[in-house]
Structure formats: C-alpha cells, structure tokens
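Inspection log for the structure reproduced underneath, given as structure tokens.
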Amino acid sequence: MHIDFDYFYAQCEENLDHSIRGRPVVVCVYSGRTQESGVVSTCNYEARKYGVKAGIPIVRARKLLQETQGVFLPMNKPHYEEVSDRIMGILEANGDHFEKAGIDEAFLDLTSRTRGEFREAEQIAVEIRREVLEQEQITCSVGIAPNKLLAKMASDRNKPNGLTVVAPEHVSEFLGGLPVNEIPGVGRKTEEKLEQMEIRRIDQLAAIDVSILHQKFGISLGTYLHRAALGEDDNPVKERDQPTQFSRIATLKTNTHQASEILPLLRTLASAVSEKLAMKTMICRTISVIAILADLSIHTRSKTLESPTCDEKTITQASAELIEQLLQSMPSATVRRVGVKLSALSIRSGQTNISKFLPQ
DNA sequence: GTATGCTTTCGGC
DNA sequence: TTACGGCCGAAAGCATAC
C-alpha cells in the first residue's frame, strides 16, 4: 500500500487558518533576492484549476491568480514536519512493515496481516484514512497493489482523497492505457527519448524487446523500464535507517564569479549544515559544494576526508577551498545559488579518533 | 573483466 | 514568452585494484 498526503503543505496551511479554505492557496519558497523571487512549493486544488503547480516562479503564479482571492504563504517546514511525524506514527502502527518515502508519503506491507486478501487491505486503508482525518484533518490518497511500484502508481490515479485498488488480475488493464510518464522515474528526458521511438503508452513500452531498451537506455534503466511496463517490482517495503546526506543551499543577493562575494553565505551554510550534523550526533566523510549558475546549470565539487568529522571549522574550510577550486575550473561561471552538502555519514560513537590505539 | 569506491549529475517532491 | 527553491536519494560516470 502507498499512502500520499494530499497537497500536503497547503493542506497544513488550510488547517492553521480555516478562513483560507475554498480559496487558492499557494505555499512559496522565497529566495530573498527580490520581493517576489522564488518558486511555488505546492498549492491546493483551487489554485491548480488556474494552472498553478509546484516549481513555477511565484510571479507567474501571481499572474495566473490575479483575478482570484489567492493566498500566498511562505513555507513553514518545521510545522509540516511535526504533522508528518504524527501521521507517520499512525501509518506505522497499521502495517507489518513501514517505509517513509518522503515528508508526505509512505509504503506499508500488509501481506501477512491480510494474508494477501486485497479486500482486507482495502478495509485497513479505510481505517487509516479515517484515523488520519480525525486526528490531523489531513486527507490522503491511497493505492493498494501487489508491489510498491504499482501501489505508488495506483495512489496517483484518484487524487485527492482517493482509494485505488489494483488486484493482481487487473495489473495489465490498469497499466495499459497510461502514458509512460506515469512510471516513477520517467521524467522529461526519458519521455522524450521514448517519444522518438514512438512509444507513448505503457502497453506500447511493454511490447518492446528488452534488448532494445538495454541498447537505448543502458542495462539499469532499460531493465527497469521493461519490468515497470509489465508491473514487475520486487523491492521490499523496508524501514529507512539513518539519513545518508544533509545539505543547505541558498540564493545569492546578486550573481557573481567573485569568491569573496560568495564566501560569507557559504560559511553560513557550512555552519548551519554542521550544526544539523552535530544535532544528529553524526559525522561525515565527504564534503561537497554545489553551485547553480545564472543559466540554472548545476555544478558540484567534493572532497572525501581520511577520517570523518563533525568539526565546523574543518567543514567550513573545506567548503571554501572547494568553491575556489570550482570557480577556478570554470572561469566564466556566474553563480546564482550555492550550497554545502555532507555525505558518507555515520553515527558518532564515544571516541572521535583512533589515535589512542595506534603505537606511540 | 569484475568489484569497489569516489565524484558528479539526475530527478522526485 | 520570460520569470526560477531547498532539500533528498539514487544513478551515471570514472578511476583503481585485483
């Protein structure tokens, strides 16, 4: 089973202020560069009627909603995380295995508690939706299917507040007429490549020889596309353990190539992400910087340490060196946004190094 | 050639 | 027609060791 919280951030905002219900609600990420610069994070369905959607610039959403009583709100992520955590608790209690797949979605494996009976899974879905609505006033869309891939595609079918069941004997009719971009992982690039092959629907993809897909997309993606088109997926619902990376990214006031104009913001980001690492009592072995240029192209440079660290000075210093290195390697780069990413994480145990075990 | 590890890019939400 | 965030995880691409 896949559970997706409907237009989650905007629904949280509707619950914080009931007076905005029924009006277009747009949750925004303001970059701080100018009054209205930034993008739409998500919006409710009233706003979607006018063409507003995640990822478009805020100024464009303003124009689309200029004739309406549209509400524009800044993102309040800590609040959404609190609501999400409580809902995840409800979900976890209702499955044999639970997997959080993002702030607003999760998978449950119900195989053993329903003994594979889809009607029983459907009853559990009804119960879950009632409980989440009662406790948190959040509606969800749910997909029930033989595996994670199909469950996710099923939850997408009837949004918002939908419940879609795809029993094993209905898999091919469910997939048949859908466009290829309904397959998770098929974005604009893969869609275009398939379009060139005149493959638009999943049933057309299913009819293609797997060796042709290997040739066009490589073994990994080719095999995935072939199996997905047949509704095959054997990934288990698996509890996600520790996070694998932390990052902080922000937009510069003005674009620049000068390291001196980037370093103050970069240091702030390095400090913030170091603090997050320390708060989680973790250490990192790899430090990366990310630069997004004026043309929105993304470039990164990274460094892997001999021994992992959580030291803010070390992380700040490495970040500064990496951005200098990136700027030198791209003499014409005009930077718009910068970020710092920490990865190769591990849990910090009692000792910070092994020196006391080495011979003197 | 295969396995492994590191760097960079891609894509979802 | 343009406009344009901040995260995350995974895959791709490449180098090295055997």
Side-chain angles (χ1 to χ4, degrees), chain A residues 2 4-10 26-43 52-64 74-78 80-81 84 99-106 152 155-156 159 181-193 217-225 235 238 240-252 255 265 269 272-273 276 284-306 322 325-326 329-330 336-345:
Chain A
H2 181 252
D4 190 311
F5 314 161
D6 296 324
Y7 60 102
F8 183 52
Y9 299 173
V26 184
V27 178
C28 304
V29 187
Y30 292 97
S31 70
R33 168 168 286 213
T34 63
Q35 191 82 61
E36 292 284 58
S37 108
V39 298
V40 171
S41 180
T42 193
C43 62
V52 179
K53 57 185 179 180
I56 70 169
I58 294 164
V59 285
R60 192 169 144 202
R62 285 267 182 209
K63 283 177 188 154
L64 290 167
M75 181 159 77
N76 180 359
K77 192 106 177 272
Y80 315 144
E81 277 168 350
S84 172
E99 177 177 342
K100 176 175 170 171
I103 193 171
D104 67 348
E105 59 180 305
K152 183 163 175 66
S155 72
D156 270 338
K159 280 184 165 186
N181 63 9
E182 293 282 325
I183 297 172
V186 176
R188 190 169 48 81
K189 298 204 169 179
T190 305
E191 187 184 354
E192 279 171 15
K193 223 158 151 183
F217 296 96
I219 290 285
S220 175
L221 182 56
T223 304
Y224 171 75
L225 291 173
N235 290 119
K238 192 161 156 276
R240 305 220 177 163
D241 25 38
Q242 297 298 322
T244 64
Q245 61 176 240
F246 297 119
S247 65
R248 285 290 181 276
I249 186 165
T251 305
L252 291 159
N255 296 355
L265 178 58
L269 296 167
V273 75
K276 168 95 178 185
C284 71
R285 206 158 77 83
T286 302
I287 299 161
S288 314
V289 295
I290 305 123
I292 292 139
L293 308 188
D295 65 0
L296 302 185
S297 63
I298 300 168
H299 304 268
T300 69
R301 291 292 181 275
S302 65
K303 174 181 183 174
T304 297
L305 308 171
E306 278 296 328
L322 286 164
Q325 183 187 317
L326 185 147
S329 70
M330 308 189 74
R336 179 185 177 91
R337 301 161 63 202
V338 286
V340 178
K341 179 176 92 169
L342 307 181
S343 56
L345 306 183

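Everything numeric here is computed off the predicted structure, so don't read it as measured data. The sequence lines fix the lettering, A, B, ..., with proteins before strands; numbering per chain opens at 1. Atom set for the values below is all heavy atoms of this structure, side chains included, hydrogens, waters and symmetry mates excluded.
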In whole Å, what is the span from the [atom1] atom of [X] to the [atom2] atom of [N]?
X: A/L342; N: B/dT7; atom1: CG; atom2: P; answer: 14 Å
X: A/I290; N: C/dG9; atom1: CD1; atom2: P; answer: 13 Å
X: A/M75; N: C/dG6; atom1: CE; atom2: P; answer: 8 Å
X: A/L305; N: B/dT7; atom1: CG; atom2: C1'; answer: 14 Å
X: A/I292; N: C/dG6; atom1: CD1; atom2: C1'; answer: 9 Å
X: A/L296; N: C/dG6; atom1: CG; atom2: P; answer: 12 Å

Query raised in the report: Base, sugar-phosphate, or nothing: which does A/G339 touch, judged by heavy atoms less than 4.0 Å apart?
Result: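 Result for A/G339 = nothing.
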
Report task. Under 4.0 Å between any heavy atoms, over every strand shown, what does A/K63 touch: base, sugar-phosphate, or nothing? Just pick one. Result -> base

Partners of [X] by side-chain contact (heavy atoms from CB on, under 4.5 Å), sequence neighbours excluded?
X: A/E105; answer: A/H2, A/A101, A/K152
X: A/R337; answer: A/I249, A/T251, A/I292
X: A/A61; answer: A/V40, A/V52, A/I56, A/F72
X: A/A294; answer: A/N255, A/T334

Taking only residues two or more places apart in sequence, or in another chain, which ones meet [X] in a side chain to side chain donor-acceptor pair (under 3.5 Å)?
X: A/D6; answer: A/T139, A/S141
X: A/Y80; answer: A/E13
X: A/E81; answer: none
X: A/K341; answer: none

**Report entry** Any side-chain heavy-atom pair of A/L269 and A/L265 under 4.5 Å
**Finding:**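 Yes, at least one pair of side-chain atoms sits under 4.5 Å.
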
Query raised in the report: Between B/dT7 and A/T304, is there an OP1 or OP2 to side-chain N/O distance shorter than 4.0 Å?
Result: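 The answer is yes; a side-chain N or O of A/T304 sits under 4.0 Å from OP1 or OP2.
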
Report task. Mind running a 4.0 Å heavy-atom check of residues 26-35 of chain A against DNA chain C and sending the residues that fall below it, in number order? Result ->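 Listed by number, they are A/V29, A/S31.
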
What pairs of nitrogen or oxygen atoms, one from the protein and one from nucleotides 10-18 of chain C, lie under 3.5 Å apart?
unit_1, atom_1, unit_2, atom_2, d
C/dA12, OP2, A/S220, OG, 3.4

Using the 3.5 Å cut-off, write out each protein N or O paired with an N or O of nucleotides 10-13 of chain B and the distance between them.
unit_1, atom_1, unit_2, atom_2, d
B/dG12, OP1, A/G187, N, 3.4
B/dC13, OP1, A/K152, NZ, 2.6
B/dC13, O3', A/D104, OD1, 3.1
B/dC13, O3', A/D104, OD2, 3.3

Query raised in the report: Given that A/R285 and A/H299 both sit by DNA chain B, which one's nearest nucleotide is further toward the 5' end?
Result: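 Closer to the 5' end of DNA chain B: A/R285.
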
For residues 297-305 of chain A, dump all side-chain donor-acceptor pairs below 3.5 Å to protein atoms at least two apart in sequence or in another chain.
unit_1, atom_1, unit_2, atom_2, d
A/S297, OG, A/D295, OD1, 2.6
A/S297, OG, A/H299, NE2, 2.9
A/R301, NH2, A/S329, OG, 3.0
A/T304, OG1, A/T286, OG1, 3.0

Query raised in the report: Is there a donor-acceptor pair closer than 3.5 Å between any side-chain N or O of A/S84 and the backbone N or O of A/I103?
Result: yes

